[in-house]
Amino acid sequence: MAPWQFPDFDDHEAVHFFADATSGLRAIIAVHSTHLGPAAGGCRFWHYAQDDAAITDALRLSRGMSYKNAMAGLPLGGGKGVILAPADRVKTPALLAAFGRAIESLGGRYVTAEDVGMGEADLVAIGRETRYVSGLPVAGADAAGGDPGPFTADGVFLGVKAAIRRGLGKDDAAGVHVAIQGVGSVGGGLARRLAAQGARLTLADVDAGRAERLAAELGAATVAADAILSIEADVLSPCALGAILTAETIGALRVPVVAGGANNQLATPEDGARLRDRGVLYAPDYVINAGGIINVGLEYLGAGSDEVARRVAAIPERLNAIWDEAEATATPPSAVADRMAQRLIGRG
Ligand code: NAD
């Protein structure tokens, strides 16, 4: 099937397929849009049972990056790399080098970074073959870059506070009950920031020990991972997996606000309307969780850490603009965010 016959094809500017016989590399780079600048987005290293699933991932994730970068105010378009991992999932230096050469051959139309299965050391290896790479070790004290997790947590924290103000009419998080699903890099960072402001926390993680250790440190409660989506609280903050908001889970929610860092929280676009119909205020995921891409994007563009902080601090403003338009047009915030992003990339 040609790429443009896939349901996730969205007038992508280009979809490149790379093969290198010596290293065994098979990779896809999807360039969704370069309207705002070079198509930036991480590279995933994953073993797919079917090649079609890899193409679908590249198409869907690259469009997501166009929206995320545009809404973060970055002069970057959206793209995504997918390396089809061999069955033994071994990532050799030769394979990374071949992928670096593939990126270089696009002459800067695509800029890569970390994603699932790719770490900083892999990007350093890719960076030996191409300059179109970000997510490298921090270059200096005031430079942008490094682990995106804390920056994502900063932005989600500010976004949760904006949602508390909007949805609960409270000026700070003190005494507000926040239920956090997943306490890894983003959820754990969020929990620490909220605890410092006196929020009441309930934590859940499939790694129950991890949730319990953090709860003991912060004086929080824990519940089983399968219970967190239906507990009574002021805010639910999904910080684990995607596609957790479905007709069924939305029906069982007992919170007035959903605001968290996980990517692709809505299982389908209709779930945005379901949340609205249940009177739940929703913070569109790719807007609230943009702190990490702001950090990585500005690293590539050569900006400093002060600029990262300034742009992360603008996340609440962006959420408020979305909620204002959602109210004024009786449209779910998720659909408003998509519309705003499409306008920004010249497709509105
Ligand atoms: P992480 O791996 O550090 O943490 C995820 C945590 O969720 C882990 O502790 C894991 O055990 C837990 N978890 C997994 N499934 C769960 C379930 N069903 N119920 C409860 N807990 C579960 O990952 P992270 O970097 O914190 O990312 C979390 C989410 O935020 C992901 O969706 C990721 O795509 C998204 N995100 C992360 C960043 C970033 O900068 N790290 C940026 C944007 C979006």
Side-chain angles (χ1 to χ4, degrees), residues 40-46 57 60-61 64-65 67-69 71-72 74 78 80 113-120 123 134-135 138 144-160 178-194 201-215 217 220-231 233 236-246 248-249 252 258-267 283-299 308 311-312 315:
C43 170
R44 183 163 286 198
F45 180 81
W46 193 253
D57 250 7
R60 190 173 51 82
L61 296 168
M65 289 313 301
Y67 287 14
K68 188 184 274 209
N69 291 338
M71 291 300 280
L74 296 169
K80 200 83 185 180
E114 280 99 345
D115 193 67
V116 179
M118 295 286 282
E120 200 176 80
L123 292 165
S134 60
V138 193
D147 178 8
F151 298 92
T152 305
D154 275 344
V156 174
F157 171 61
L158 297 175
V160 166
V178 184
I180 304 180
Q181 182 192 40
V183 289
S185 174
V186 176
L190 173 67
R192 286 199 167 81
R193 287 159 176 79
L194 284 168
L201 301 176
T202 300
L203 314 177
D205 200 295
V206 282
D207 181 345
R210 183 179 241 187
E212 264 147 35
R213 280 190 299 278
L214 187 63
E217 179 193 325
T222 58
V223 293
D226 58 4
I228 192 78
L229 294 179
S230 56
I231 71 163
L236 169 69
S237 191
C239 294
L241 304 176
I244 53 115
L245 296 167
T246 64
E248 196 189 331
T249 61
V258 174
N263 275 317
N264 305 317
Q265 291 167 36
L266 303 177
D285 45 24
Y286 59 82
V287 180
I288 191 173
N289 73 14
I293 191 68
I294 289 172
N295 180 48
V296 167
L298 291 179
E299 169 202 335
V308 174
R311 289 191 188 234
V312 172
I315 287 175

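If you're wondering where the values come from, they're calculated on a predicted model, not measured in any experiment. Just follow the structure's listing: the first ligand is 1, and inside any ligand the first atom is 1.
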Original post:
Just by distance, do the side chain of D205 and the backbone of V183 share a donor-acceptor pair under 3.5 Å?
Top reply: yes

**OP:** Report yes or no: does E299 contribute a side-chain atom to a donor-acceptor pair with the main-chain N or O of G135 at less than 3.5 Å?
**Re:**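 Answer holds: yes.
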
Subject >> Results of salt bridge (Lys or Arg N to Asp or Glu O under 4.0 Å) for E120 - residues two or more places apart only >> reply: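 Listed in chain order: nothing, the list is empty.
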
Original post:
Which residue pairs satisfy the side-chain hydrogen bond (donor to acceptor under 3.5 Å, both in side chains) criterion with at least one member in residues 151-160, sequence neighbours excluded?
Top reply: D154-R193

Give every pair formed by an N or O atom of ligand 1 and a protein N or O atom closer than 3.5 Å, one pair per line with both atom names and the distance to 0.1 Å, or write none.
unit_1	atom_1	unit_2	atom_2	d
ligand 1	3 (O)	S185	N	2.9
ligand 1	9 (O)	D205	OD1	3.3
ligand 1	9 (O)	D205	OD2	2.6
ligand 1	9 (O)	R210	NH1	2.5
ligand 1	11 (O)	D205	OD1	2.5
ligand 1	21 (N)	V206	N	3.3
ligand 1	26 (O)	S185	N	3.2
ligand 1	26 (O)	V186	N	2.8
ligand 1	30 (O)	G261	O	3.3
ligand 1	32 (O)	A240	O	2.8
ligand 1	32 (O)	N263	N	3.2
ligand 1	34 (O)	N263	ND2	2.9
ligand 1	40 (O)	T152	OG1	2.7

**OP:** Could you tell me which residues satisfy side chain to side chain donor-acceptor pair (under 3.5 Å) with T222, sequence neighbours excluded, listed by chain and number?
**Re:**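 Side chain to side chain donor-acceptor pair (under 3.5 Å) list for T222, sorted by chain: empty.
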
**OP:** Compare all side-chain heavy atoms of N289 with those of V186 and state whether any distance is below 4.5 angstrom.
**Re:**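 No; the side chains remain at least 4.5 Å from each other.
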
